[in-house]
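Note that ligands are numbered from 1 as they come in the structure, with each ligand's atoms numbered from 1 the same way.
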Amino acid sequence: MVRHFLSDLDFSTAEHEAVLRLAAKVKHTPQAFAHALVGKTLAMIFQKSSTRTRVSFESGMLQLGGHAIYLSAKDIQLGRGEPITDTGKVLSRYLDIIMIRTFGHDEVEALAGSSRVPVINGLDDLLHPCQALADVLTVVEHKGAARGRQLVFVGDGNNVANSLMFAGARYGMHVRVIAPRGYQPRPEIVQTAQQEAAATGAKIEVTADLAAVEGADAVYTDVWASMGQETEANKRKVAFRGFEVDRALMSRAKKDAIFLHCLPAHRGEEVAAEVIDGPQSAVFDQAENRLHVQKALMLFLLGHRTKAKGSSAPARSSRKPVKGKAKRARRR
Ligand code: CP
Ligand code: NVA
């Protein structure tokens, strides 16, 4: 069965750890992988903007010896109404792996369901699993491990927050989301994360109380209005007042806490310039790690074997469907 990476929960803990081990190898000995995917082609379908995801996937595939094709939804027939399932059936006869960034999680699932080749979720309204892989690698690099560390996400209970809760469950990393009421992650997502976390002992919590930043090894934030929510931006600025990660809030976390942000960031909104540009910020290490984890992810999904135990993609799918459909966000 073809393996996909649509949700953080699609990989077991052992598989996640194998991908991170591979990512560390890829990062430190990139030349050893320079020919690993010669002759392989990646399609990248984008229905939303991107800097990091687009460039890190494209350059990552080239660094592995393969080729990447950027497909803006506007330029392919998908943008004129061709069903995503037909797109998946056709593309997967031409190439080896597909990455998609879109709105509804159901669209990502439909693409995967029609594809003969692995599909990677490059962000949808529900999840951003490639980001969470990079985030965990960054925590490991700065804090020595993910298991047992406390990551506190402050802001909108969005796709990034959801993926962090799922990733926390897999890696045994405690995740607390601090969000104002009305903007907290959906209860069924939190429950799923908590159920999955039982296996690793991770604590997954949601609160509106900023005091929950205490004890954080990493403080994370993201924009208050995600792509597709631009018309709500002003309303959200009011709702999130007081939730900016500034020096005062950082001082309530552990002294040596790092600051994380998936980027792009709005200085003076969700994060103060003094924090994102300050000494605790690890945001550019985090952005760089997108490249390394995605190279490892593509290698893993395409069956690249390493000597490390458990690092080859097994044939059997361990995919767990995400409960509840993410409705397609309003398009401009
Ligand atoms: N963090 C992230 O996914 O960035 P882009 O939107 O630039 O791809
Ligand atoms: N939550 C943001 C993440 C961007 C990388 C968005 O979906 O726009």
Run the numbers on Asp209 and Ile178 for side-chain contact (heavy atoms from CB on, under 4.5 Å), then give the verdict. CA-CA 6 Å; Asp209 185 359; Ile178 310 179; 5.7 Å; no

Show the numbers, then the answer: is there a salt bridge (charged side-chain N to carboxylate O under 4.0 Å, His left out) between Lys48 and Asp125? CA-CA 11 Å; Lys48 291 176 173 173; Asp125 292 339; 2.7 Å; yes

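With a 4.0 Å cut-off on non-hydrogen atoms, Arg54 does not touch ligand 1 at all. Of all the heavy atoms of Lys48, none lies under 4.0 Å from any atom of ligand 1, so neither backbone nor side chain is involved. Residue contacts with ligand 1 for Leu263 involve N, CA, C or O but no side-chain atom from C-beta outward (heavy atoms, distance under 4.0 Å).
Using a 4.0 Å cut-off between charged nitrogen and carboxylate oxygen, Glu141 and Lys27 count as a salt-bridge pair. A salt bridge is defined here as a Lys NZ or Arg NE, NH1 or NH2 lying under 4.0 Å from an Asp or Glu carboxylate O, and Glu15 with Arg3 meets this definition.
Checked options His266, Gln286, Glu270; the residue passing with His261 is Glu270 (criterion: side-chain hydrogen bond (donor to acceptor under 3.5 Å, both in side chains)). Partner of Phe46 under the side chain to side chain contact (heavy atoms under 4.5 Å, CB included) criterion, chosen from Thr53, Thr102, Leu71, Ile100: Thr53.
Scored by the side chain to side chain donor-acceptor pair (under 3.5 Å) test, Glu288 finds His292 as partners (sequence neighbours excluded).
Side-chain contact, Asp124 with His105: a donor N or O sits under 3.5 Å from an acceptor N or O. Looking only at atom types and distance, the side chain of Arg101 has no donor-acceptor partner in the side chain of Gln47 under 3.5 Å away.
Between the choices Met227, His261, Arg52, His128, the shortest heavy-atom distance to atom 3 (O) of ligand 1 belongs to His128.
Looking only at heavy atoms of the protein, atom 6 (O) of ligand 1 is closest to Arg101 NH1, 2.8 Å. Nearest non-hydrogen protein atom to atom 2 (C) of ligand 1 is Arg290 NH1, 3.3 Å.
Heavy-atom proximity to Thr51, at under 4.0 Å, picks out these atoms of ligand 1: 5 (P), 7 (O), 8 (O). Near Cys262, the atoms of ligand 1 lying under 4.0 angstrom from a non-hydrogen atom of the residue are 1 (N).
No N or O atom of Pro264 sits closer than 3.5 Å to an N or O atom of ligand 1.
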Check: every ligand 2 N/O to protein N/O pair under 3.5 Å:
from	atom 1	to	atom 2	distance (Å)
ligand 2	1 (N)	Asn158	ND2	3.3
ligand 2	1 (N)	Asn159	OD1	2.8
ligand 2	1 (N)	Asp222	OD2	2.6
ligand 2	1 (N)	Ser226	OG	2.7
ligand 2	7 (O)	Asn159	ND2	2.8
ligand 2	7 (O)	Ser226	OG	3.4
ligand 2	8 (O)	Met227	N	2.8

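Phe11 does not carry Arg170 over the face of its six-membered ring by the limits of under 6.0 Å from the centre and within 45° of the normal.
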